[in-house]
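Below is one structure, written out as structure tokens, with a few remarks after it.
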Amino acid sequence: MGAGHDHGHAHGAAAGGTATSAYRGRLRIALAITLGIVVVQVVGGLLADSLALVADSAHMATDALGLGMALLAIHFANRPPSDRATFGYARAEILAALANCLLLLGVGGYVLYESVQRFVTPADTEGHLAVVFGVIGLVANMVSLALLMRGQKESLNVRGAFLEVAADALGSVTVIVSSVVIMLTGWQAADPIASLVIALMIVPRTVKLLRETVNVLLEAAPKGVDMAEVRAHILATDGVEDVHDLHAWTITSGMPVLSAHVVVSSDVLSAIGHEKMLHELQDCLGGHFDVEHCTFQLEPGGHAEHEARLCH
């Protein structure tokens with residue numbers, strides 16, 4: 001590197017893999033459970049003529065596809081960096097989460113449409129059968145939730161899968177309640193109402209996940225990182241006169257990165273050297289902010305104007 005263009009990496013940077021990788025085995029088990037329940041609930045929905053069961057099975061089929069994409073994303077995310085893909089393929093996880101969101105929104109829209117149709121043309125739902133299949137689905141969903149509980153705090157992809165299974169569990173509860181109502185009262189409108197409730201549980205959670213996913217793709221500042229505070233901490237470092245071109249973004253779950261051009265007093269830089277200044281900046285950010293990888297360009301005063309002239 002030329003003088004004044006030193007780079008530093010924060011301690012503890014991820015060395016291969018993403019936050020999702022640690023949960024590959026659990027995702028596979030959850031996928032197997034989900035595929036099994038999809039088959040069971042489709043059969044149950046057809047036998048009981050229950051839209052709520054069919055809606056829940058359609059949602060679970062989407063979950064299965066989402067879990068499959070999450071596992072595929074892990075495969076690509078763990079591929080090593082190359083000259084063309086300098087960060088590797090970690091962003092594949094975010095693309096999978098985006099596709100999953102779009103599928104979920106499609107399922108939610110379908111269930112809403114079919115629910116309205118059921119109000120127009122009521123069906124004869126068999127409550128006894130529906131409640132049995134609803135209980136089977138609930139038990140399976142609770143097992144999957146337990147498997148994904150920890151991982152959903154560390155990975156957007158796992159969180160997407162967790163939210164889907166959580167919505168499924170609530171959907172199974174709704175199916176059970178509506179089926180019991182039909183058994184006790186014969187009120188068939190309970191089935192499309194339950195379907196509407198399931199759809200309304202799917203959509204808001206999906207929109208929230210979609211917003212987080214799009215923020216990553218737009219390279220917005222990582223959640224919980226206040227850029228004004230980051231700037232203030234850098235400026236508070238002895239010898240730092242200014243900071244510009246300050247950027248922070250997220251490559252994928254658990255991989256936030258930051259870069260900055262830091263203007264340092266020539267006297268201070270000569271006295272302590274580039275290496276000590278980089279250590280101080282890294283310690284400053286590492287101690288106060290959850291940033292995995294930091295790159296700093298140290299500059300003498302006036303260098304920013306030189307760069308601006310080169311750009312023009």
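Here the structure is a predicted model, which is why all the values come from computation and not from measurement.
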So [Y] and [X], do their side chains get closer than 4.5 Å, heavy atoms only?
| X | Y | result |
| --- | --- | --- |
| Leu246 | Val262 | no |
| Phe119 | Ile193 | yes |
| Leu35 | Val39 | no |
| Gln41 | Ile136 | no |
| Val143 | Ile33 | yes |
| His247 | Leu258 | no |

Using 4.0 Å as the upper bound for N to carboxylate O, is an ion pair formed by Arg118 and Glu114?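 No.
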Taking every non-hydrogen atom, the tightest pair across [X] and [Y]:
| X | Y | result |
| --- | --- | --- |
| Gly134 | Leu53 | N-CD2, 4.2 Å |
| Ala130 | Val175 | O-CG1, 3.8 Å |
| Leu145 | Ala166 | CD2-N, 3.6 Å |
| Ile94 | Val216 | CG1-CG1, 3.7 Å |
| Val243 | Arg231 | O-NH1, 3.0 Å |
| Ala221 | Met227 | CB-CG, 3.9 Å |

Suppose we screen for side-chain hydrogen bond (donor to acceptor under 3.5 Å, both in side chains). Which residues come up paired with Ser178, at least two apart in sequence or across chains?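 Not a single residue meets the side-chain hydrogen bond (donor to acceptor under 3.5 Å, both in side chains) criterion with Ser178.
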Met183 atom CE, neighbour heavy-atom count above 12 within 6.0 Å: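 Correct, the count exceeds 12.
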Within residues 130-148 or reaching into it, pairs that qualify as side chain to side chain donor-acceptor pair (under 3.5 Å) - sequence neighbours excluded: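 Sorted result for residues 130-148: Asn141-Ser172.
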List the residues meeting side chain to side chain contact (heavy atoms under 4.5 Å, CB included) with Leu46, not counting sequence neighbours, and say none if there are none.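 Per chain and number, Leu46 pairs via side chain to side chain contact (heavy atoms under 4.5 Å, CB included) with Val42.
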Looking only at the side chains, is there a donor atom on one of His244 and Glu299 sitting less than 3.5 Å from an acceptor on the other?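 Result is yes, a qualifying pair exists.
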